2 protein chains.
Amino acid sequence: MASDHTRSAILAAAERLYADRGFGDVTLRDIVAEANVNLAAVNYHFGSKDELIAELFVSRSIATNRERLRELKAAEEQGGGRAPIEVILRALVGPTLRGCLGPENQRSTAARFMIRASIESVPPIRRIKNREIDHLRKFAGAMRRSLPDRSDVDIYWGLNFALAMAHHTIRESERLTKLSEGKCDLDDVEDVVARVVSVATTALTAGRTETKAPSRVVAR
Amino acid sequence: MASDHTRSAILAAAERLYADRGFGDVTLRDIVAEANVNLAAVNYHFGSKDELIAELFVSRSIATNRERLRELKAAEEQGGGRAPIEVILRALVGPTLRGCLGPENQRSTAARFMIRASIESVPPIRRIKNREIDHLRKFAGAMRRSLPDRSDVDIYWGLNFALAMAHHTIRESERLTKLSEGKCDLDDVEDVVARVVSVATTALTAGRTETKAPSRVVAR
DNA sequence: GATAGTTTCATACAAGTGTTTGAATTGCAA
DNA sequence: TTGCAATTCAAACACTTGTATGAAACTATC
């Protein structure tokens, strides 16, 4: 193991560069230059470029997932195995939003990297994301316990919409700021979390009527 | 101008290949092979690879935007300059959802291309997307007229969330199907539209002026 | 301090990229 | 037909990419 100084220097440089300039136009040569390290070091320590990216993404996303599950577990234990839907949704979208939004100048490199990973979609990351389904299933289960009257379909749609609002807000935060001429304050993370949770909760609890209406609206 | 057969053959081949395999690993050589055309033809007819991609994306997205505005204008005229919020939202997300979802085997190449463009994000497309803000402002205006009591901030957040649900559902349709084990039927486009519009409407009207239960929206 | 195992380094490699070139071919008008 | 522009073509260009190599420089153990 000696000194893995080189190893972590590469990781840090790669994270910073990918965060700033995206996966598209950052080459191994850029990374090793930034890290003051030899070109061959990447392949020596990580095997390949893709494995470097994967390691970067995995370590960040398991941290987020762990935080999500920690909040979920705490909420369900406190509620005797059944947590309020708002709290579940907050555990789902809170960690991601808190990690990726907030005042830009105090936004961590890790956070900016994860934003990149959510905007661009590069093969090694896509492969990892596909394994996230099991993780989401745990939330679907908690939501089902919280809203036993709701159909599975509605639960899944609610979960989908909650993630949609969180991720899209992160991805397009710049555009929303520009569109609203700064009126939507994306640095106020807790307000964003509250808005997302509120809408998702309403979507899951309002309109008791059976959702799947037989009346079909014909398009075009 | 003679025969622009070559030109359109390239466009068709590029659209098909990009739709199927993504921008990442489709080269000019792949495209010209698919189009049975010489390699130099792309640069001759389009100037560069990026301009080819841009032309492809522009033509598709102005078609969508035109359809959106057509629906919006019709709705506002019918309501005397003020359309119901549900109808506005439907005009916003309907065309995109209808264009990108639906039974896969009968999904047009154009639709599949637009899905790709929404998943991967390649420089020439990103540049064009940034010009979409003016287009969205028109919808923000219509929404403000429809809900004069609502603050601008709320309007923009509602707009953001509506787009979020539509785009995320398109981007992650495969994952949602897998997660729900097929229970969420993404081929039933009108149901998806209704769900998105319903949630977005609730988000925009909840806790304020009551506009009846916005459960089921029927348009046209 | 010799030895064996890591780690670093300069360099080369092979493959692929978009683009350019200049000659051939085509199509059409005079 | 002839002439001329538009188009097509094969080939090469210039460059970048990730990866591999084998020697050199370390490091720790005996």
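This is a predicted model, so every value here is computed, not measured. Letters go in sequence order (proteins before strands), and every chain restarts at 1.
Counting heavy atoms from C-beta outward, A:Phe161 and B:Val196 have side chains that approach closer than 4.5 Å. Residues A:Met143 and A:Leu89 have side chains in contact (heavy-atom distance under 4.5 Å, counting atoms from C-beta outward).
Comment: B:Arg70 engages B:Glu67 in a salt bridge, judged by a side-chain N to carboxylate O separation of less than 4.0 angstrom. Look at A:Asp134 and A:Lys138 and you find no salt bridge, because none of the NZ, NE, NH1 or NH2 atoms lies under 4.0 Å from a carboxylate O. The residues B:Arg90 and B:Glu71 are annotated as not salt-bridged, no charged nitrogen and carboxylate oxygen being separated by less than 4.0 angstrom. Under the 4.0 Å criterion applied to side-chain N and carboxylate O atoms, A:Arg144 and A:Asp154 are not assigned as salt-bridge partners.
For the atom pair CD (A:Glu132) and CD1 (A:Ile62), the distance works out to 12.5 Å, reported to the nearest 0.5 Å.
One finds a side-chain N or O of A:His45 lying less than 4.0 angstrom from the OP1 or OP2 phosphate oxygen of C:dT8.
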Worksheet, complete the sentence: Per-nt protein contacts along nucleotides 18-24 of chain D (heavy atom under 4.0 Å; B base, S backbone sugar-phosphate only, - none) come out as BBBB---
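Between B:Asp25 atom CG and C:dT17 atom C1' there is a gap of 13 Å when expressed in whole angstrom units. What separates CG of B:Leu52 from P of C:dG18 is a distance of 11 Å, to the nearest Å. Taking atom CD of residue B:Glu51 and atom P of nucleotide C:dG18, one finds them 14 Å apart after rounding to whole Å. Atom OH in A:Tyr44 sits roughly 16 Å away from atom P in D:dC26 (whole-Å rounding). Rounded to an integer number of Å, the gap from A:Asn36 CG to C:dT8 P is 13 Å.
Rounded to 10 degrees, the angle between the two end axes of the helix from C:dG1-D:dC30 to C:dA30-D:dT1 is 10°, with five pairs used at each end.
Counted within 6.0 Å of CD on B:Glu174, heavy atoms from surrounding residues, nucleotides or ligands total 12 or fewer; the atom is thus considered open.
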